[in-house]
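Below you'll find the structure, written out as structure tokens, and then a few comments.
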Amino acid sequence: MEIKLVSEHKKRFLDLLLLADEQESMIDKYLARGDLFALYDPDLKSVCVVTAESPSTCELKNIATYEQYHGMGYASKLISCISAFYKDKYRTMLVGTGDVPWILRFYEKNGFVLSHRLPNFFTDNYGHPMFEDGIQLVDMVYLKKDL
């Protein structure tokens, strides 16, 4: 297994990034300013994007694994790697997600705790209703992790 920091041609990972954030215009808001990490085993399995939000806080903006590799620990391995990568630079890592029980459990298993909500984020910022497992996404739920 290998995790690479990608600095050029990040849009070549768009198909995978769109699995976690289905509107390209939203990805465009953070991709250029973020660090993209790609996990290979031996081929590409998972990616994530992390941005600097303040001198003490970074944010995991996108993390996605190809569906056929879900449940194999790739996303958790990426979170572990980026947490170690940023621990000397930031105090806190944030992640925002939809209010979907299995997704919240995933982040909690990876050391995140509930932080706050942004009401109506998905309904106000996306051009169409978004659903995950039959649940319409309305509020953005933020979780945080001490690094």
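In what follows, every heavy atom counts, from backbone to side chain, and hydrogens, waters and symmetry copies are set aside.
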Item to check | K145 side chain vs N110 backbone, donor-acceptor pair below 3.5 Å | outcome: yes
Next on the checklist: Would the distance check show the side chain of K10 and the main-chain N or O of G34 forming a donor-acceptor pair, the cut-off being under 3.5 Å?
Outcome noted: yes
Checklist entry - Is it the case that more than 12 heavy atoms not belonging to K11 sit under 6.0 Å from its NZ atom? => result yes
Next on the checklist: Any heavy-atom pair between the side chains of L36 and L17 that's under 4.5 Å?
Outcome noted: yes
Item to check | Side-chain heavy atoms of Y126 within contact of D21, under 4.5 Å | outcome: yes
Checklist entry - Where the side chain of T92 meets the backbone of D146, is there a donor-acceptor pair that is under 3.5 Å apart? => result no
Checklist entry - Is any side-chain heavy atom of F112 closer than 4.5 Å to a side-chain heavy atom of L104? => result no
Checklist entry - Would the number of heavy atoms belonging to other residues, nucleotides or ligands and lying under 6.0 Å from NZ of K144 be above 12? => result no
Item to check | Test item: side-chain donor near acceptor, D35 and Y86, under 3.5 Å | outcome: yes
Checklist entry - Where do L14 and I27 come nearest, in terms of heavy atoms and distance? => result CD1-CD1, 4.0 Å
Checklist entry - Ion pair present between R117 and D99, side-chain N to carboxylate O less than 4.0 angstrom? => result yes
Checklist entry - Can you check whether Y90 reaches E53 side chain to side chain, under 4.5 Å on heavy atoms? => result no
Checklist entry - Hey, does the side chain of T57 reach the backbone of S54 with a donor-acceptor pair shorter than 3.5 angstrom? => result no
Checklist entry - Would I82 end up clustered with V113 when hydrophobic side chains under 4.5 Å apart are linked, directly or stepwise? => result no
Item to check | S80 side chain vs S76 backbone, donor-acceptor pair below 3.5 Å | outcome: no
Checklist entry - Do R12 and V6 have side chains that get closer than 4.5 Å, going by heavy atoms? => result yes
Checklist entry - In this structure, which one of D139, V138, L137 forms a side-chain contact (heavy atoms from CB on, under 4.5 Å) with F122? => result L137
